[in-house]
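Because the structure is a prediction, the values reported are computed rather than measured. Atoms within each ligand, like the ligands themselves, are counted from 1 in listed order.
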Amino acid sequence: YGSTRPERILAEVKRKATRGDARSVVDTIDQYCRHQEWAMNVGDEKGTILDSIVCEVKPMAMLELGTYCGYSAVRIASLLPPNSRLITMEFNPVFAAIARQVIAWAGVEDKVVLIEGPSGDWIPKMKKEFGLTSFDLVFLDHWKDCYLPDTKLMEECGLLRTGSILVADNVICPGAPDYLEYVRGSPRYESKYFRSHLEYTRVEDGIEKSVFLG
Ligand SMILES: O=C(NCCc1nnc(-c2ccc3[nH]cnc3c2)[nH]1)c1cc(-c2ccc(F)cc2)cc(O)c1O
Ligand SMILES: [Mg+2]
C-alpha cells in the first residue's frame with residue numbers, strides 16, 4: 001500500500017525493521033526490493049563495496065548526491081566515525097520526506113544532514129553553509145548526466161582536496177560515460193573500477209572509485 005514506491009518502502013521499514021537498528025533497516029529494504037518490488041537503492045552487493053571504501057577512508061566530511069529513500073545514507077552513517085557528518089542531497093521533495101523518516105527510524109539522524117534542492121544550486125554554497133573546507137569522500141548516485149558537471153563544479157568550488165575520493169554508482173547501468181571518460185582520462189584522478197551488478201539483478205553494473213590528486 002502507499003501510493004508511491006518510496007512510501008511502500010517506508011511502510012515496510014516501519015513494519016519489519018527494528019527502530020534504532022540501521023542494519024535491520026538496510027536488510028529490510030534489500031529484502032523488500034529483491035522480492036517484492038525493485039527500487040534504485042545501491043543495494044547489498046554494491047553496498048558492500050561502498051562499505052569497504054567508507055571504512056577505509058573513515059571520512060570526517062562526506063557528501064552523498066542522490067538520497068532517494070535514504071538506504072545508502074543509513075548504510076554509510078552506520079559506519080561513520082564519531083563526530084563525522086554525512087551531508088546527503090536530494091532533489092525530489094517526495095523522496096526527501098521519505099528518506100528523513102527512514103534515516104530517523106534507523107537512529108542515525110544525528111550523523112546525517114539531508115538537504116533538498118538541485119546540486120547545481122547547493123554545491124557553490126556548501127563551504128559557507130556548513131563551515132567545510134573540503135569533502136573526504138563523495139558518493140555520486142544522483143542523475144547520471146549530473147555526475148560530470150557536478151564533479152567539475154566541486155573542483156571549481158574547492159570542495160575537493162588532494163586525496164579526496166569520489167565513489168560513483170551506476171557507471172555501467174544506467175551509465176555515466178562522460179564522467180567515466182573524464183576521471184579515467186584526467187591526470188588529476190587515479191581511477192579504479194569495481195565490477196558488480198545492478199542492484200537486485202544479474203545485469204552488469206559497477207562502482208568507480210576516483211582519487212583526486214589535486
Ligand atoms: O536514476 C538513478 N538514480 C538517481 C535518482 C535520484 N535521486 N535523487 C536524484 C537527484 C537528482 C538531482 C539532484 N540535484 C541535487 N540532488 C539531486 C538528486 N536523482 C538510478 C537509476 C537506476 C536504474 C537502473 C536501471 C533501470 F532500468 C532504471 C533505473 C539505478 C540506480 O542505482 C540509480 O541510482
Ligand atoms: Mg544508484
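- Considering Y68, W122, F95, F91 only, the shortest heavy-atom separation from atom 16 (N) of ligand 1 involves F91.
- With a heavy-atom cut-off of 4.0 Å, V42 does not touch ligand 1 at all.
- Residue contact check: D169 has heavy atoms under 4.0 Å from atoms 32 (O) of ligand 1.
- Geometrically, ligand 1 and W38 share no nitrogen or oxygen pair separated by less than 3.5 Å.
- Considering Y147, Y179, F91 in turn, Y147 is the only one that fulfils the ring pair (Phe, Tyr, Trp, His ring centres under 6.0 Å) rule with H142.
- Counted by atom type alone, S52 and E56 present zero donor-acceptor pairs between their side chains at under 3.5 Å.
- Proximity of L65 to ligand 1 is not established, as no heavy-atom distance is less than 4.0 Å.
- Transitive grouping of hydrophobic side chains (ILVMFWY, heavy atoms separated by less than 4.5 Å) keeps L160 and V57 in distinct clusters.
- Atom CD of E204 is surrounded by more than 12 heavy atoms from other residues, nucleotides or ligands within 6.0 Å.
- Here T48 contributes atom OG1 and I53 contributes atom CD1; the two are 11.0 Å apart, rounded to the nearest 0.5 Å.
- The residue from E116, E90, H142 that puts a heavy atom closest to atom 7 (N) of ligand 1 is E90.
- When hydrogens are left out, the protein atom nearest atom 1 (O) of ligand 1 is M40 SD, 3.7 Å; that is the closest non-hydrogen contact.
- Shown in contact with K144 at under 4.0 Å from a heavy atom are these atoms of ligand 1, numbered in order with element: 1 (O), 2 (C), 3 (N), 20 (C), 33 (C), 34 (O).
- Taking only nitrogen or oxygen atoms, main chain and side chain alike, E199 reaches within less than 3.5 Å of ligand 1.
- Around atom CG of N83, no more than 12 heavy atoms belonging to other residues, nucleotides or ligands sit under 6.0 Å away.
- The CZ atom of R195 lies 14.0 Å from the NZ atom of K46; values are rounded to the nearest 0.5 Å.
- Taking the centre and axis of the six-membered ring of Y32, the NZ or CZ atom of R15 falls outside the cone set by 45° and 6.0 Å.
- Looking at ligand 1, you won't find any N or O of K46 less than 3.5 Å from one of its N or O atoms.
- Take a cut-off of 2.8 Å around the Mg ion (ligand 2): the protein N, O or S atoms inside it are D141 OD1, D169 OD2, N170 OD1.
- Look at G117 and you'll find a heavy atom under 4.0 Å from some atom of ligand 1.
- Distance check on atom 27 (F) of ligand 1: every protein heavy atom falls at or beyond the 4.0 Å cut-off.
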Worksheet item: Does the pair K125 and D121 meet the rule for a salt bridge (charged side-chain N to carboxylate O under 4.0 Å, His left out), with working shown?
Response: CA-CA 7 Å; K125 346 192 259 200; D121 295 2; over 6 Å; no

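- In terms of hydrophobic clustering, with Ile, Leu, Val, Met, Phe, Trp and Tyr side chains grouped at heavy-atom distances under 4.5 Å, V102 and I115 are assigned to different clusters.
- The nearest protein atom to atom 11 (C) of ligand 1, hydrogens excluded, is given as W143 CD2, 3.2 Å; this is a heavy-atom distance.
- Only the side chain of L198 comes within contact range of ligand 1, with a heavy atom under 4.0 Å; no backbone atom does.
- The CG atom of D169 sits 6.0 Å away from the CD atom of E199 when rounded to the nearest 0.5 Å.
- Taking OG1 from T28 and CG from L10, the interatomic distance works out to 11.5 Å, rounded to the nearest 0.5 Å.
- The closest approach between any non-hydrogen atom of N92 and ligand 1 is not below 4.0 Å.
- A salt bridge is absent between E109 and R100: the closest approach of a Lys/Arg side-chain nitrogen to an acidic carboxylate oxygen does not fall below 4.0 angstrom.
- Partners of R19 by salt bridge (Lys or Arg N to Asp or Glu O under 4.0 Å), not counting sequence neighbours: none found.
- Only side-chain heavy atoms of N170 come within less than 4.0 Å of ligand 1; its backbone N, CA, C and O stay farther off.
- Relative to atom 14 (N) of ligand 1, the option among S119, C173, C146 with the closest non-hydrogen atom is S119.
- Remark: ligand 1 atoms within the under-4.0 Å shell around heavy atoms of G66 are 8 (N), 18 (C).
- K127 NZ: more than 12 foreign heavy atoms inside a 6.0 Å radius.
- Within the 4.0 Å heavy-atom shell around ligand 1 one finds P118.
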